[in-house]
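Comments concern the structure below.
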Amino acid sequence: MAQRAQPDRPLIELRGVTKVYGTGDAAVHALAGVDLSIADGEFVAIMGASGSGKSTAMNIIGCLDTPTSGEYLFQGVPVGGLDRNQRTLLRRHFLGFVFQGFNLLPRMTAVENVELPLVYRGEALAARRERAMQTLAQVGLRGREHHTSAQLSGGQQQRVAIARAIVTDPAVLLADEPTGNLDTKTSREIMDLVSSLNRDRNITVIMVTHELDIAAYARRVVRFVDGRVESDRPQQEAA
């Protein structure tokens, strides 16, 4: 299991982070000086209109992109000082990702999809198969382990994606519009599952969403406007 942050420092911290795409007149300032701290065990929803910078911030936190300036610290370690291989290891051992489009490999079964992060870690077939089967059971997919994506509903595919994200026991679950392709009933089921992972397994959840009813599951809501944090409040004050 990933090592947890020390209680006297944030798990994740952005300090004056900017992100600029392009140069000169074509430059786009996606982030314009973001300060953000997230503690171990939090459930944070990041909201904002299209182009507000919320997805860019998520990509930087997930080590899928790098800041133009400013500093990103993970467990107190400056991520900017890590090389590409070290950032890959950070993603592999500490972060789990869930996307709107599920991102499952269609020719693989559910259990094979969930095994993938363990394959990248070099775990033996028997050990990773057992762990993947256990994780699928934990997300309510016992009996569906050998189904392909075409044989699963949208909600079931997202459960497979969540199982794949948590099979490595990550410290952080990064969810980008996790219910965007799901109906209302299935969205509630998925969010109940995500909430239970945060509550029962102390996985820090950072979720990008534009839907108020989905953000209501979080305990804290951060709103982005024009590449900056406009507000950052506990959930009971967010609405």
Side-chain angles (χ1 to χ4, degrees), residues 1-15 17 31 34-47 53-67 70-82 86-100 102-103 114 116-118 120-121 131 135 138-139 158-179 190-209 214-215 217-222 224 229 232 235:
M1 180 179 292
Q3 182 182 357
R4 296 300 180 181
Q6 295 181 7
D8 59 343
R9 69 187 183 195
L11 175 64
I12 288 167
E13 190 172 8
L14 303 182
R15 297 177 178 174
V17 167
L31 296 178
V34 170
D35 295 310
L36 180 65
S37 294
I38 298 174
D40 184 35
E42 283 202 272
F43 188 163
V44 179
I46 298 178
M47 302 192 74
K54 61 185 187 298
S55 292
T56 301
M58 175 77 90
N59 287 340
I60 288 173
I61 291 171
C63 296
L64 301 174
D65 204 347
T66 57
E71 193 172 30
Y72 168 32
L73 294 94
F74 187 89
Q75 295 189 344
V77 176
V79 175
L82 304 179
Q86 289 171 322
R87 289 196 299 272
T88 297
L89 289 173
L90 192 157
R91 287 195 303 270
R92 190 172 295 171
H93 290 273
F94 291 89
L95 308 177
F97 297 87
V98 177
F99 302 98
Q100 177 177 344
F102 316 140
N103 289 9
V114 174
L116 279 175
L118 304 177
Y120 298 145
R121 282 191 177 188
R131 191 161 182 176
T135 306
Q138 291 167 7
V139 301
Q158 193 62 297
R159 286 176 183 268
V160 174
I162 291 171
R164 181 182 58 190
I166 66 170
V167 72
T168 57
D169 284 323
V172 182
L173 180 65
L174 298 165
D176 193 354
E177 300 283 4
T179 62
I190 291 300
M191 290 312 304
D192 286 342
L193 173 58
V194 171
S195 295
S196 71
L197 293 170
N198 171 252
R199 180 182 63 250
D200 300 335
R201 294 179 56 170
N202 197 42
I203 295 176
T204 303
V205 177
I206 305 171
M207 175 181 67
V208 165
T209 183
I214 299 303
Y217 284 84
R219 287 177 280 167
R220 174 182 166 198
V221 174
V222 178
F224 276 66
V229 174
D232 184 348
Q235 177 59 31

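- Residues Val222 and Ile38 are not in side-chain contact: their nearest non-hydrogen atoms beyond the backbone lie 4.5 Å or more apart.
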Practice problem: Would you sort out whether Asp35 and Val229 count as a side-chain contact (heavy atoms from CB on, under 4.5 Å), showing the intermediate values? | Solution: CA-CA 8 Å; Asp35 295 310; Val229 174; over 6 Å; no
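- Side-chain contact check for Phe74 versus Ile61: every heavy-atom pair is 4.5 Å or farther apart.
- Of the inter-residue distances, the one linking Phe224 atom CZ with Ser55 atom OG reads 10.0 Å to the nearest 0.5 angstrom.
- Between the CG atom in Asp200 and the CG atom in Leu193 there is a gap of 10.0 Å [rounded to 0.5 Å].
- At a threshold of 4.5 Å between non-hydrogen side-chain atoms, the residues Ile206 and Val172 count as touching.
- Side-chain atoms of Gln158 come within 3.5 Å of backbone N or O of Phe99 as a donor-acceptor pair.
- A heavy-atom distance below 4.5 Å is not found between the side chains of Pro67 and Leu31.
- Between the OG1 atom of Thr66 and the CD1 atom of Ile60 there is a distance of 7.0 Å, given to the nearest 0.5 Å.
- The two residues Cys63 and Tyr72 come nearest to each other via the heavy atoms SG-CE2, 4.1 Å.
- Phe43 CZ to Thr204 OG1: the interatomic distance, rounded to the nearest 0.5 Å, is 11.0 Å.
- Atom CZ of residue Arg91 and atom CG of residue Leu64 lie 6.0 Å apart, to the nearest 0.5 angstrom.
- When all heavy atoms of Leu173 and Ala165 are compared, the closest pair comes out as CD1-CB, 3.6 Å.
- Among Met191, Met58, Met47, the one residue that satisfies the side-chain contact (heavy atoms from CB on, under 4.5 Å) test with Met207 is Met191.
- Considering only heavy atoms from C-beta on, Thr88 stays 4.5 Å or farther from Tyr120 through its side chain.
- Under the 3.5 Å distance criterion, the side-chain polar atoms of Arg87 are matched with a main-chain donor or acceptor of Leu82.
- Using modelled atom types and a 3.5 Å distance limit, the side chains of Arg164 and Asn103 yield no donor-acceptor pair.
- For the pair Arg92 and Arg121, the tightest heavy-atom approach, listed with the atom from each and the gap, is O-NH2, 3.4 Å.
- In this structure a side-chain-to-backbone donor-acceptor pair under 3.5 Å is present from Arg159 to Val139.
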Quiz item: Step by step, would you call Leu118 with Val167 a side-chain contact (heavy atoms from CB on, under 4.5 Å)?
Solution: CA-CA 8 Å; Leu118 304 177; Val167 72; 3.8 Å; yes
Quiz prompt | side-chain hydrogen bond (donor to acceptor under 3.5 Å, both in side chains) assessment of Arg199 paired with Ser196 | solution = CA-CA 5 Å; Arg199 180 182 63 250; Ser196 71; 4.9 Å; no
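- Atoms CD1 and OH, on Ile190 and Tyr217 in that order, are 10.5 Å from each other to the nearest 0.5 Å.
- Minimum interatomic distance between Pro178 and Val98 (heavy atoms only, all atoms of both residues): CB-CG1, 4.2 Å.
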Quiz item: Given Val77 and Leu90, is the side-chain contact (heavy atoms from CB on, under 4.5 Å) satisfied, shown in steps?
Solution: CA-CA 11 Å; Val77 176; Leu90 192 157; over 6 Å; no
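- At a threshold of 4.5 Å between non-hydrogen side-chain atoms, the residues Leu36 and Val44 do not count as touching.
- Within the 4.5 Å cutoff, the side chain of Glu71 has no heavy atoms near those of the Glu13 side chain.
- In this structure, Glu177 and Ile214 have side chains that are not in contact, with every pair of non-hydrogen atoms separated by 4.5 Å or more.
- The minimum heavy-atom distance between Thr168 and Pro117, with the atom names listed, is CG2-CB, 3.7 Å.
- With hydrogens and angles disregarded, a donor-acceptor distance shorter than 3.5 Å links the side chain of Asn198 to the backbone of Ile203.
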